[in-house]
Amino acid sequence: MRNEEGHYEYKYIVDGEWTCNEFEPITSPNKDGHVNNYVEVLDDNSDITRAAVRKRLTGADPDLTSNERLIIGQFLEAYPDVE
């Protein structure tokens, strides 16, 4: 699966209310005064870069950023435990 490069805005629904995560990047208010979280997706086809990231993430004691931990946690929560 290939991600399309670009700027993507999003929000979370917590207790029925739209909200932003203050610990993630936040946009400036738009013309309607709305503020969103956002992510920049870059198309990086460098095999060397991918290999370095893969090595760092799969090492015995990976030094993960909080965002990497969040992404991995969300991925794992999406799949039920199989025994």
Side-chain angles (χ1 to χ4, degrees):
M1 179 178 161
R2 179 188 154 126
N3 292 325
E4 292 298 321
E5 188 173 65
H7 175 92
Y8 297 93
E9 295 185 13
Y10 59 94
K11 280 191 173 182
Y12 297 94
I13 299 176
V14 177
D15 296 329
E17 300 288 326
W18 287 100
T19 188
C20 292
N21 182 339
E22 64 184 70
F23 301 105
E24 295 176 4
I26 297 176
T27 64
S28 298
N30 63 20
K31 65 180 179 165
D32 297 321
H34 298 287
V35 175
N36 299 306
N37 289 112
Y38 71 91
V39 63
E40 292 286 339
V41 177
L42 304 175
D43 185 14
D44 181 5
N45 291 321
S46 169
D47 289 337
I48 294 170
T49 301
R50 289 175 193 241
V53 169
R54 185 178 300 112
K55 182 177 180 180
R56 184 175 63 81
L57 294 179
T58 59
D61 188 21
D63 182 20
L64 303 176
T65 66
S66 59
N67 191 48
E68 288 167 339
R69 290 179 190 279
L70 176 68
I71 291 168
I72 292 169
Q74 290 172 340
F75 176 81
L76 293 173
E77 289 173 3
Y79 295 94
D81 290 337
V82 178
E83 294 184 25

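All values reported here derive from a predicted model rather than from experimental measurement.
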Can you check whether Pro25's main-chain N or O pairs, donor with acceptor, with Asn37's side chain at less than 3.5 Å?
->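 Yes, the answer is positive, given that a donor and an acceptor are paired below the 3.5 Å cut-off.
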Verify the neighbour count for atom CG of Asp32: are there more than 12 heavy atoms of other residues, nucleotides or ligands below 6.0 Å?
->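 Yes - once you tally the heavy atoms of other residues, nucleotides and ligands closer than 6.0 Å, there are more than 12.
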Would you please test Ile26 and Tyr38 for side chain to side chain contact (heavy atoms under 4.5 Å, CB included) and show each step?
-> CA-CA 6 Å; Ile26 297 176; Tyr38 71 91; 5.7 Å; no
So, taking the atom named [atom1] in [X] and the one named [atom2] in [Y], what distance separates them when rounded to the nearest 0.5 Å?
X	Y	atom1	atom2	answer
Glu9	Asn30	CD	CG	7.5 Å
Thr19	Asn36	OG1	CG	10.5 Å
Ser28	His34	OG	NE2	14.5 Å

Side chains of Tyr12 and Glu17: do they bring a donor and an acceptor to under 3.5 Å?
->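 No donor-acceptor contact under 3.5 Å links the two side chains.
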Does some side-chain heavy atom of His7 sit less than 4.5 Å from a side-chain heavy atom of Thr27?
->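 Counting from C-beta outward, Thr27 and His7 do come under 4.5 Å.
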Give the cluster check for Tyr10 versus Val14: same hydrophobic cluster or not, with ILVMFWY residues linked at side-chain heavy-atom distances below 4.5 Å.
->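 Linked, Tyr10 and Val14 end up in one cluster.
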